[in-house]
2 protein chains.
Amino acid sequence: METAELKNVGLKITGPRTKVLKVLENGPDRHLSAEDIYNYLLSTGDDIALATVYRVLTQFETAKLVTRHHFADGHSVFELNAGDHHDHIVCIKCGRVEEFFDPEIEARQEAIAQEKGYKITDHSLNIYGICAKCDQTG
Amino acid sequence: METAELKNVGLKITGPRTKVLKVLENGPDRHLSAEDIYNYLLSTGDDIALATVYRVLTQFETAKLVTRHHFADGHSVFELNAGDHHDHIVCIKCGRVEEFFDPEIEARQEAIAQEKGYKITDHSLNIYGICAKCDQTG
DNA sequence: CTAGTTGCAAATCATTTGCACTTGC
DNA sequence: GCAAGTGCAAATGATTTGCAACTAG
């Protein structure tokens, strides 16, 4: 139940927060933009303000409940935090997003940061390309 | 000379284009945002419109003269194309940007894309962290 | 009760665009 | 001279914020 997750991170249980969390958990996709979530909620008859979706998502991000990913075309998507880290491969035609994790890449990043004297706080690796389906379709 | 580079990619030699290119070549930093370039030009007495800086940079990007990088805080920087590919490590405190290239990471990315049936068109790897200098300063 | 939350509309920020004017070739 | 390029100001799209009304604990 969503209420528990909200309580755990010290957020009041409110309608909007529960709704957004529910979409992230059982929505049409694991990777959704604020507007996706907003539209999805409207389509299911749940009334909410877009500004609230943004506010709630930002709070969730701070609370580490979700992770925000910025893609090169300038829009960002949110994804429920499953605890695991992974990177993304994005189809530039259809927008499909797939996840991957490569320990070798992770290790190399650590090594590079250390070498250059940086303390890593975060990192993002996005591969952009054309997926098999779109490649056939043209 | 900048005029040659412009001619090579089939762009008319104009004042604004020459100015922007000059800043990218001899400016204060290899990684500059449109606004950085705009402000730098104003500060050196060169008059230009911000919209023109954006237009020119977009043309340069199309002409493969420069590469645009999108960072997680939502702003992008432009960098003169030296032909080589590399990724970035960004200090989240002072904004310092350093470059690195790791063949192992590159190879793994290729492998992953192939495995998932994607044709890579582009990719970006950004490591965010705190540089040695900022770490001391607090 | 009252601090935290929401909705709405207006504000911001980075970037783009329409259009009349200017300039390179 | 004319198509291409530029400046300016207004438009855009994504996201944020001010504020008055609402609600969870």
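Atoms considered below: every heavy atom in the structure, side chains included; atoms not considered: hydrogens, waters and symmetry mates. These numbers were taken from a predicted model, which means no experiment stands behind them.
Closest to the B:Ser76 side chain, of the nucleotides C:dT15, C:dT17, D:dA3, is C:dT15. Across C:dT6, D:dG7, C:dG24, the shortest atom-to-atom separation from the side chain of A:Thr52 is found for C:dT6. Side chain of B:Ala49, nearest nucleotide from D:dG25, D:dG7, C:dC25: D:dG7. Minimum atom distance to the side chain of B:Arg55 is reached by C:dG18, of the listed C:dA14, D:dG5, C:dG18. The side chain of A:Val56 lies closest to C:dT6, out of D:dG5, C:dT6, C:dG18.
Side chain to side chain, B:Asn126 and A:Ser124 fail the donor-acceptor criterion of an N or O pair below 3.5 Å. Between the side chains of B:His85 and B:Glu106, at least one donor-acceptor pair of N or O atoms lies under 3.5 Å. Residues B:Glu98 and B:His88 bring no donor and acceptor atom of their side chains to less than 3.5 Å of each other.
What separates CZ of A:Phe60 from P of C:dT5 is a distance of 11 Å, to the nearest Å. Protein atom CG of B:Leu6 is 10 Å distant from nucleotide atom P of C:dC25, rounded to whole Å. Atom OH of A:Tyr54 and atom C1' of C:dC8 are 16 Å apart (whole Å). Note: NZ (B:Lys12) to P (C:dT22) measures 16 Å, nearest angstrom. When the C1' atom of C:dT22 is taken as reference, atom CD1 of B:Ile48 falls 15 Å away, rounded to whole Å. In this structure, B:Lys19 atom NZ and C:dG24 atom P are separated by 11 Å, rounded to whole Å. Here the P atom of nucleotide D:dT15 and the CZ atom of A:Phe71 are 12 Å apart, to the nearest Å. If you take OH of A:Tyr38 and P of C:dT6, they are 15 Å apart, rounded to a whole angstrom.
Looking at which nucleotide of DNA chain C each of B:Arg68 and B:Thr14 is closest to, the 5′-most match is held by B:Arg68. Judged by closest nucleotide on DNA chain D, B:Pro16 is the one of B:Ala51 and B:Pro16 placed further toward the 5' end.
No more than 12 heavy atoms of other residues, nucleotides or ligands shown are found within 6.0 angstrom of CD on A:Gln114.
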**Request:** Given side chain to side chain contact (heavy atoms under 4.5 Å, CB included), test A:Val23 with A:Asp36 step by step and report yes or no.
**Result:** CA-CA 10 Å; A:Val23 175; A:Asp36 289 339; over 6 Å; no

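Applying the 3.5 Å distance criterion, the base of C:dG4 shares no donor-acceptor pair with the side chain of A:Arg17.
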